[in-house]
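To keep things clear, I will list the structure first and then write my remarks on it.
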Amino acid sequence: MENRAGAMVQKFNKSMDIALALAVVGVIGLIVLPVPPGMLDLLLVVNISLSVTVLVLTLFTRHVLEFSVFPTLLLLLTLFRLGLNLASTKLILSDGNAGEVINAFAGFVAGNNFVVGAVVFVIIIIIQLLVITSGASRVAEVGARFTLDAMPGKQMAIDADLNAGMIQEEEARARREALQQEADFYGAMDGSSKFVKGDAVAGIVITIINLVGGIAIFVGQRGLGFAEAIDRFGKLTIGDGLVSQVPAVLISVASGILVTRGATSQGFGSQLSSQLFSRHKVLMVTTLLLAVFALVPGFPTLPFLALAVLMGFLSFLLKTDEKNQGMAREEETRQAAAAEARPKTETRVAPRQIDTLSIEISYGLLPLIDESASGDLLERILMVRRQVATDMGIVIAPIRIRDNLQLGPNEYTILIRGNPVGHGEIYVNRFLVMDPGNGEFQVDGIQTVEPTFGLKALWVDEAGKDKSQMYGYTVVDPTTVLVTHLKEIITGHADELIGRQEVQKILDGAKENYSVVIEELIPGILSLGEVQKVLQGLLREGVSIADIGTILETLADYGPLSKDTEILTEYVRHALSRTIAGQYRNSNGKLCVITLSSALEDRIAGSIQKSLQGSFPAIDPDLTSRILHSLNEQLEMSSLVCEQAVVLAAPKIRAAFRNLIASAFPKVGVLSINEV
């Protein structure tokens, strides 16, 4: 049964457009075609029913956008009423009879004296024109003005939430559409209120025409007595005016209610009761005043006394409810205090905030951060953050340093988002000695491995430091060992340290110089997340994003052509070709390159497949192993003649080849021919 009813509703909604079009054409027909009294009665009842429905609906509406069709509906209902006015006028002037509905209104309101009905009709017109319609029109005008003035600020707030990653593109689009619809609604209501005012004026004119015209026609042409004509047409015209103006008043009240409502999660009734009858003291004062009025001589005692009793009863109920709520709150407070006083058998666990980058040190390394003991680790870490910001273009959040008693007395651990990525051992009162030669030392010390590059090293004391310098060894203090390791970790994992929040900070800092391109790019062309993926792709291969202006300009140029972040990253690399090639050039300004055979390039180009992690060549493991082995041999041979060799590949396979060798050779640069 429910499915059948739902299907009927859906079918009705689908055919509503056709029915509405026919109804509008039918209203036009009312103006031209004659309407029988029975049909007019039915249409008048429909008009009253629609007006009541609209009024009740506005009372349950929580936001104006829930009834956004109201301005258009107001126009159609006004046109419908005018059509009914003309149809009834034709019946009154031609037959002297306009159906049972008009006669019933005339008899119920005017009784045997049409003058009374005329007075009531005029009062209704005055109320509608001067009070309801005028007030609703003013509220709609002010609402439209304030809504339009507030639109830029609200749109900027939506864009800020989107850029900060707090909302998605779909939600931002929906909020912008709702904002535009709200502005359109108040603007339409400002114009629609003029229809209601014109309808009231037209009602007066039509009523006068019915009265004067009917008397003239039936006295002059049909020989009806003047007194009888006044009585008949006085009642008919008053009844006709009331039948048309009562629904008009209902619609005017509905429009006033709708434009004066604010956005709320409650209907008007619930909101009214929760605010009007919320404090017993207010009702108690009202009760006392009503009781005083009941005792004043000459005032009707019974009505005032009855309302005083009712208000007093409501005040008593509210006071009792407030007292019960107060007792409940006191009981909750007492139970909470008692629970706090009891011995804790269970500790409430709260999630720990995970830092983007942090360092854990043992108790033996605490002097490194003690400024009173000449510890300069904190200052050196700040210098590393500044250097990374200058060289790589990323701003590293403050690095938290914690002591960890589970570490050895001289150990430290570097963590990214709570996961260890680097570990080392340093001695506070010793120095690390490294031999750039074969690793054979002529001094004594504690053998170790340098944590950053994995070189053989020694920890020596003050005397061993001087001796090591005499032999030409590299000598560094323990703080330098830690911050060097930290900087290498940051450089090698820079793509993991830049999230949406960090990207937003970079864009905020660049707005002073690149505000135009940023406003064009985000969110119109790319989302903040897509820009983040491009920056991560650059940092993953050690490319600095300090030239953020060139990066944003390139994304704005090619973003409309493709949303593939890997392709966009290649476009950006081409724009940064001087920067990329420059970091691999030797002191003579030349590149040491390893090239791929044309057969291998063709093999890779024909087997590239896309995945969520990027492009990868789908080749068999044996060929992959041979490629990595051959590349390792070429790198060893090139190390004899140059400091740093790079692989030179065709642009279409550069990204795929880089992904192929990344796990085995993470620090080997892969450049395309376009970047050289």
Side-chain angles (χ1 to χ4, degrees), residues 386-395 487-488 490-492 494-495 497-498 503 506-507 509-514 516-518 520-521 525-526 530-562 564-596 601 614-615 635 638-639 641-659 661-662 665-676:
R386 290 175 178 171
Q387 185 176 359
V388 170
T390 302
D391 297 342
M392 300 297 295
I394 61 174
V395 178
K487 183 182 178 183
E488 189 68 19
I490 293 175
T491 304
D495 59 308
L497 302 176
I498 182 169
V503 174
I506 293 174
L507 296 179
K511 274 188 177 180
E512 182 177 355
N513 298 322
Y514 306 105
V516 175
V517 66
I518 292 175
E520 177 187 354
L521 178 63
I525 299 177
L526 297 177
E530 290 169 331
V531 175
Q532 175 206 2
K533 288 182 175 60
V534 172
L535 297 181
Q536 285 180 323
L538 296 172
L539 292 171
R540 191 176 296 116
E541 298 190 46
V543 178
S544 171
I545 61 172
D547 189 3
I548 191 66
T550 300
I551 296 173
L552 296 177
E553 290 282 357
T554 306
L555 293 179
D557 291 339
Y558 295 98
L561 305 179
S562 175
D564 189 326
T565 55
E566 188 176 67
I567 295 177
L568 293 175
T569 304
E570 294 302 307
Y571 282 126
V572 173
R573 287 180 61 94
H574 178 62
L576 298 174
S577 57
R578 293 190 184 91
T579 302
I580 296 174
Q583 69 187 62
Y584 295 107
R585 296 183 189 274
N586 58 23
S587 56
N588 297 323
K590 296 182 179 181
L591 283 173
C592 183
V593 300
I594 299 172
T595 59
L596 305 180
E601 287 189 342
S615 300
L635 290 172
S638 63
S639 64
V641 294
C642 59
E643 298 178 0
Q644 190 177 19
V646 297
V647 178
L648 194 64
K652 61 181 179 180
I653 70 166
R654 192 211 70 82
F657 187 78
R658 163 63 188 173
N659 293 332
I661 69 170
F665 303 99
K667 297 183 179 180
V668 174
V670 179
L671 277 63
S672 72
I673 299 175
N674 293 337
E675 297 167 2
V676 176

- line: Distance col, row Thr491:OG1 vs Met392:CE, nearest 0.5 angstrom, shows 6.0 Å

task: Please determine which of Gln532, Gln536, Arg540 meets the side chain to side chain donor-acceptor pair (under 3.5 Å) test together with Asp495.
output: Arg540

Rounded distance [0.5 Å steps], NZ in Lys533 versus CG in Leu526: 11.0 Å

- request: Output yes when a side-chain donor or acceptor of Ser544 lies under 3.5 Å from a complementary backbone atom of Asp391, and no otherwise.
  value: yes

query: Is there a side-chain contact between Ile498 and Ile506, using heavy atoms and a 4.5 Å cut-off?
result: yes

- prompt: Do Leu507 and Leu552 have side-chain heavy atoms sitting under 4.5 Å apart?
  reply: yes

query: What distance do Ile525 atom CD1 and Tyr558 atom OH have between them, rounded to the nearest 0.5 Å?
result: 13.0 Å

- prompt: Hey, is the main chain of Val670 close enough, under 3.5 Å, to the side chain of Arg654 for a donor-acceptor pair?
  reply: yes

- prompt: Once you round to the nearest 0.5 Å, how far does OG1 of Thr595 lie from CD of Glu601?
  reply: 8.0 Å

statement: Correct closest heavy-atom pair for Thr569 and Gly537 would be CG2-C, 4.2 Å

field: CZ/Arg386: more than 12 non-hydrogen atoms of other groups inside 6.0 Å
entry: no

- request: Please tell me if the side chains of Val647 and Leu596 come closer than 4.5 Å, counting only heavy atoms from C-beta onward.
  value: yes

task: Compare all side-chain heavy atoms of Thr579 with those of Val543 and state whether any distance is below 4.5 angstrom.
output: no

field: Full working for side chain to side chain donor-acceptor pair (under 3.5 Å) between Asp557 and Thr554
entry: CA-CA 5 Å; Asp557 291 339; Thr554 306; 5.6 Å; no

statement: Rounded to the nearest 0.5 Å, the OG atom of Ser672 sits from the CG atom of Leu648 at a distance of 7.5 Å

field: Side-chain donor/acceptor of Glu566 to backbone N/O of Ser615, under 3.5 Å
entry: yes

- request: Verify salt bridge (charged side-chain N to carboxylate O under 4.0 Å, His left out) between Glu541 and Arg573, making sure each step is shown before the conclusion.
  value: CA-CA 11 Å; Glu541 298 190 46; Arg573 287 180 61 94; 3.4 Å; yes

Heavy-atom pair with the smallest gap, counting every atom of Glu570 and Ala655: OE2-CB, 3.7 Å

message: Using every non-hydrogen atom in the two residues, find where Ala556 and Pro560 come nearest and quote the distance to one decimal.
response: O-CD, 3.4 Å

Leu538 CG to Ile545 CD1 distance, which is reported to the nearest 0.5 Å: 7.5 Å

task: Kindly say whether Leu635 contributes a backbone atom to a donor-acceptor pair with the side chain of Ser638 at under 3.5 angstrom?
output: yes

task: Would you check, one step at a time, whether the test side-chain contact (heavy atoms from CB on, under 4.5 Å) holds for Ile551 with Leu555?
output: CA-CA 6 Å; Ile551 296 173; Leu555 293 179; 4.2 Å; yes

- request: Work out which heavy atom in Ala494 is nearest to a heavy atom in Ile394; give both atom names and the distance.
  value: CB-CD1, 3.9 Å

message: Using every non-hydrogen atom in the two residues, find where Ala546 and Thr390 come nearest and quote the distance to one decimal.
response: CB-O, 4.0 Å

